[in-house]
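A quick write-up on the structure given underneath.
If you're wondering where the values come from, they're calculated on a predicted model, not measured in any experiment.
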Amino acid sequence: MLTFFVVCLWTVLGALLTGAVVRLLPAGPPVRWTAAAAGFLLCALALYLWGASHMFATDIEETCTLQHGQPLDPAYGRTSLVPLHRRCNAHFDLVPPYVNPGVLAYLVACVCCLGAAVRARFAGQPESGRRPGKEH
């Protein structure tokens, strides 16, 4: 439940920040949607890097046992970059649990904004082969 709350909080904060920046742009809707997509992509990258920073440990056994109080199980000691994981054992991951869902939420928002930018770009154009103002 806490993970869901943190993911929602990250997503809302990223959306508010992106929305504030986009409103400062003087251009039309396609440019604003593209800027919003870029903002969400930057938020996804920042959250991904935040999660990746938790994975780096010079001695994984020492990090798990001394810093986190978790025994190291070598069967779970592999590192995964997509999704981010660096497990000490079956029940504990060095990467915070909200990172992967948060990155996914930002990427989905980015794709939605890119779709809206394409739609806004082509919304005012007439169909191919027809001239504006002429009815067939």
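Leu94 is not connected to Tyr98 by any chain of hydrophobic side-chain contacts under 4.5 Å among Ile, Leu, Val, Met, Phe, Trp and Tyr, and they are in different clusters. With hydrophobic clusters built from ILVMFWY side chains whose heavy atoms lie under 4.5 angstrom apart, Leu107 shares a cluster with Phe40. Connection of Val103 to Leu41 is established within a shared hydrophobic cluster, with ILVMFWY side chains joined at heavy-atom distances below 4.5 Å, either directly or through further cluster members. Under a hydrophobic clustering in which Ile, Leu, Val, Met, Phe, Trp and Tyr are joined whenever their side-chain heavy atoms come within less than 4.5 Å, directly or via other members, Val99 and Leu81 fall into the same cluster. Note on Met55 and Leu47: same hydrophobic cluster, where clusters join Ile, Leu, Val, Met, Phe, Trp and Tyr whose side-chain heavy atoms are under 4.5 Å apart, directly or indirectly.
Here Cys64 contributes atom SG and Asp73 contributes atom CG; the two are 10.0 Å apart, rounded to the nearest 0.5 Å. Here the CG atom belonging to Leu66 is positioned 9.0 Å from the CD atom belonging to Glu61, to the nearest 0.5 angstrom. Here the CG-CD distance, from Asp93 to Gln70, works out to 10.5 Å after rounding to the nearest 0.5 Å. Distance CG/Leu45 to SG/Cys110: 11.5 Å, rounded to 0.5 Å. Within the model, atoms CG of Leu84 and OG1 of Thr79 stand 10.0 Å from one another, a figure rounded to the nearest 0.5 Å. Atom CG of residue Leu114 and atom OG1 of residue Thr34 lie 6.5 Å apart, to the nearest 0.5 angstrom.
Nearest heavy-atom pair, Thr63 versus Ala57, reported as atom, atom and distance to 0.1 Å: OG1-CB, 3.2 Å. For the pair Pro30 and Ala117, the tightest heavy-atom approach, listed with the atom from each and the gap, is O-CB, 3.8 Å. The two residues Asn89 and Phe92 make their nearest non-hydrogen contact at OD1-N, 2.9 Å. Contact record, Arg86 with Val95: N-CG2, 4.1 Å, taken as the closest heavy-atom pair. Contact record, Pro83 with Ser80: O-OG, 2.7 Å, taken as the closest heavy-atom pair.
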What verdict does the side chain to side chain contact (heavy atoms under 4.5 Å, CB included) test give for Asn100 and His85, after you've listed the backbone C-alpha separation in whole Å, the side-chain angles of each residue and the deciding distance to 0.1 Å?
CA-CA 9 Å; Asn100 291 317; His85 286 295; 4.0 Å; yes
